[in-house]
Enquirer: 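Next up is a structure, given as structure tokens.
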Amino acid sequence: MSNWRVGAEHELEITGLTHEGLGVGRVDSRVVFTPQAIPGDRVQVRIVHVKERLAYGELLSIVEKSPDRREPSCPHAPLCGGCQLQHMDYPAQLQWKRQQVQDALERLGGLEVEVLPTIGMDEPYHYRNKAQLPLGRQGRNVVMGFFQRGSHAIVDLSGCEIQHPLITRLALAVKTAVRDLGIEPYDEVRHSGVLRHAVIRVSFAHSRLMLVLVTRTRELPRAQELIARLTGEIPELASVVHNINPQVTNVILGRETNVLWGDEYLLDAIGHVRYAVSPLSFFQVNPIQTKVLYDLVQERLHLSGRETVLDLYCGAGTIGLYLAARAKKVIGVETVVPAVEDARRNAKLNGITNAEFHAGRAEEVLPRLIREHAAVDAAIVDPPRKGCEAAVLEALAEAGVPALVYVSCNPATFARDLSRLTGLGYKAGPIQPVDMFPWTSHVETVSLLSRT
Ligand SMILES: C[S@@+](CC[C@H](N)C(=O)[O-])C[C@H]1O[C@@H](n2cnc3c(N)ncnc32)[C@H](O)[C@@H]1O
């Protein structure tokens, strides 16, 4: 068909949005996905990639604007892969996120469960505490920023609407210093050059920064000059870490990490709990909404102080430690060993003596933990995007754990797991989406499941 080929142009009505934030339109009965288009838009697109029943379009112009459309406030929005929904009003994003969860539960999980309105942010800007910024060259220029949508070309950062301003300040200082000192950025195509990524973390509680410089090579040339310059320019910089990643890979961090200057950990706090976060540990990226999320978990579990609570996929022990004062015992499980060490250190840091943490995969460690503990009264599961192994859910059900709080960052795997848990005798209360990532297509949910 001549209208179904790369280069063909079409006018489309956008009627939906994929979970990646692409506008959904149709040409006859075939689907076209277009970035930067939202429901209610009528747009002119050019087909850029064709498969049998679907195609990807490039937005050429907006013929008629959706009432939910806004002018992106970030100049990088049309290209940058960091945000997908800069062109959508914030209340419409919140509504869409709720709908996305509802749709996933119905279509993928075959479930009818109440989904509450998404809890958004009062000020949905500059909320991120972590940026992973690739470096490269464009011509003679050193560039550093975010990957373009669907490519590894780098959008050279000049500002960012969602990062904490200190992250942007340090990022710009790193880029200038790297250029001035002649430190060669990594060349992904040739697998040559030195500096691959700058990973920057900021503590919202203390306004302190950690910089992780990821190199292909064992050496970071002119490291001392770089540190002297950055610490002179940015007094909030508390730690400079060197991570070595010699592999040909998209994974950012390598195995070897050495502190070059300053602190080994970044100290932060969520509510009443203090956390020391090491360079390789998972820590939620939106600390303001993390408090909302952890308060919700606490509220849903309604602990009396007599319960033994499992915290599966616990990262640096953050949720379990947040709840520890209300439980008899907290038992965390996490696969990343440095995160488990962080969790133990974090317990000490807060004077918490009723929490223990185990290194290993939840599916392997859980059966033993259940055998060892007479009764588990509640479990929190907060898995990565791929969700839980069936064995984890089966072990929880077999042990008769009466209450589960499932924290999910992926509605599709959440729907699958909820459907499995329903089959295992659990019933879900209302699902609460929380917007941890404004202007992006990501959604987080919390729900309490009780044994029927
Ligand atoms: C979404 S994070 C949650 C972290 C923590 N609950 C928090 O709020 O900061 C998921 C965590 O699961 C860990 N993880 C991934 N697969 C795992 C597995 N099979 N068993 C245990 N932990 C796992 C990851 O390393 C990561 O720290």
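FYI, the numbering just counts along the sequence from 1. Whatever order the structure lists them in is the order used to number ligands and atoms, beginning at 1. The figures here come from the full heavy-atom set of this structure, side chains too, leaving out hydrogens, waters and symmetry mates.
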Enquirer: So, K329 and E307, do they make that salt bridge, N to O below 4.0 Å?
Expert: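 Result for this pair is no, no salt bridge flagged.
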Enquirer: Minimum heavy-atom separation for L116 and P433, please, with both atom names.
Expert: O-CD, 3.1 Å
Enquirer: Specify the protein heavy atom at minimum distance from atom 11 (C) of ligand 1: its residue, its atom name, and the distance to 0.1 Å.
Expert: E334 OE1, 3.6 Å
Enquirer: Taking only heavy atoms of Y294, which atoms of ligand 1 are found under 4.0 Å from at least one of them?
Expert: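 Ligand 1 atoms under the 4.0 Å threshold to Y294: 7 (C), 8 (O), 9 (O).
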Enquirer: Can you sort out which atoms of ligand 1 are near E363, meaning under 4.0 Å from one of its heavy atoms?
Expert: 19 (N)
Enquirer: Would you say C314 contacts ligand 1, with heavy atoms under 4.0 Å as the rule?
Expert: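 Per 4.0 Å heavy-atom rule, C314 contacts ligand 1.
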Enquirer: Do the charged groups of D156 and K175 touch, with an N to O distance under 4.0 Å?
Expert: yes
Enquirer: Check whether NZ of the Lys or CZ of the Arg R345 lies under 6.0 Å from the centre of the six-membered ring of Y265 and within 45 degrees of that ring's axis.
Expert: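 Because its charged atom sits under 6.0 Å from the ring centre and within 45° of the axis, R345 does stack over Y265.
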Enquirer: State plainly whether the residues E233 and R229 are in salt-bridge range, i.e. N to O under 4.0 Å.
Expert: yes
Enquirer: Quick one: look up the protein heavy atom nearest atom 6 (N) of ligand 1 and list residue, atom name and how far away it is.
Expert: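 For this ligand atom, the closest protein heavy atom is D382 OD2, 2.9 Å.
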Enquirer: Among K97, Q100, E20, Q84, which one satisfies side chain to side chain donor-acceptor pair (under 3.5 Å) with S441?
Expert: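 When K97, Q100, E20, Q84 are each tested with S441, the side chain to side chain donor-acceptor pair (under 3.5 Å) holds only for Q84.
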Enquirer: For atom 22 (N) of ligand 1, tell me which residue out of T290, V285, T335 has the closest non-hydrogen atom.
Expert: T335
Enquirer: Can you tell me which residue and heavy atom of the protein come closest to atom 9 (O) of ligand 1, and the distance to 0.1 Å?
Expert: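 It is T318 OG1, 2.9 Å.
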Enquirer: Measure the distance from atom 12 (O) of ligand 1 to every protein heavy atom, then report the residue, atom name and distance (to 0.1 Å) of the closest one.
Expert: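 So the nearest neighbour among protein heavy atoms is Y313 CB, 3.4 Å.
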Enquirer: For ligand 1, which atoms have a heavy atom of V336 less than 4.0 angstrom away?
Expert: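 In order of number, 25 (O).
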Enquirer: Looking only at distances, can you tell me whether any N or O atom of D311, backbone or side chain, sits closer than 3.5 Å to an N or O atom of ligand 1?
Expert: no
Enquirer: Hey, does Q284 come in under 3.5 Å of ligand 1, counting only N/O atoms on both sides?
Expert: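 It does: an N or O of Q284 is found under 3.5 Å from an N or O of ligand 1.
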Enquirer: With atoms numbered from 1 as shown, which atoms in ligand 1 lie under 4.0 angstrom from a non-hydrogen atom of G360?
Expert: 20 (N), 21 (C)
Enquirer: Under 3.5 Å, is there a donor on one side chain and an acceptor on the other for Y406 and D382?
Expert: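 Looking only at side-chain atoms, D382 and Y406 do not form any donor-acceptor pair under 3.5 Å.
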Enquirer: At what distance is the nearest protein heavy atom to atom 21 (C) of ligand 1, and which residue and atom is it?
Expert: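 Minimum-distance protein heavy atom for atom 21 (C) of ligand 1 reads A362 N, 3.5 Å.
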Enquirer: Would the Y186 and H191 ring centres measure less than 6.0 Å apart?
Expert: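 Yes, the ring of Y186 comes within the 6.0 Å limit of the ring of H191, centre to centre.
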Enquirer: Looking at ligand 1, does P383 have a heavy atom less than 4.0 Å from it?
Expert: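 Flag set, P383 near ligand 1.
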Enquirer: Going by side chain to side chain contact (heavy atoms under 4.5 Å, CB included), R169 matches just one of L209, V202, I234, V174. Which one?
Expert: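 Among L209, V202, I234, V174, the one meeting side chain to side chain contact (heavy atoms under 4.5 Å, CB included) with R169 is I234.
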Enquirer: Below 4.0 angstrom, N of the basic side chain to O of the carboxylate: do R420 and E394 qualify?
Expert: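 Looking at R420 and E394, the cut-off is not met.
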Enquirer: Report yes if some N/O of P384 lies less than 3.5 Å from some N/O of ligand 1; otherwise report no.
Expert: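 Between P384 and ligand 1, no N or O pair is found under 3.5 Å apart.
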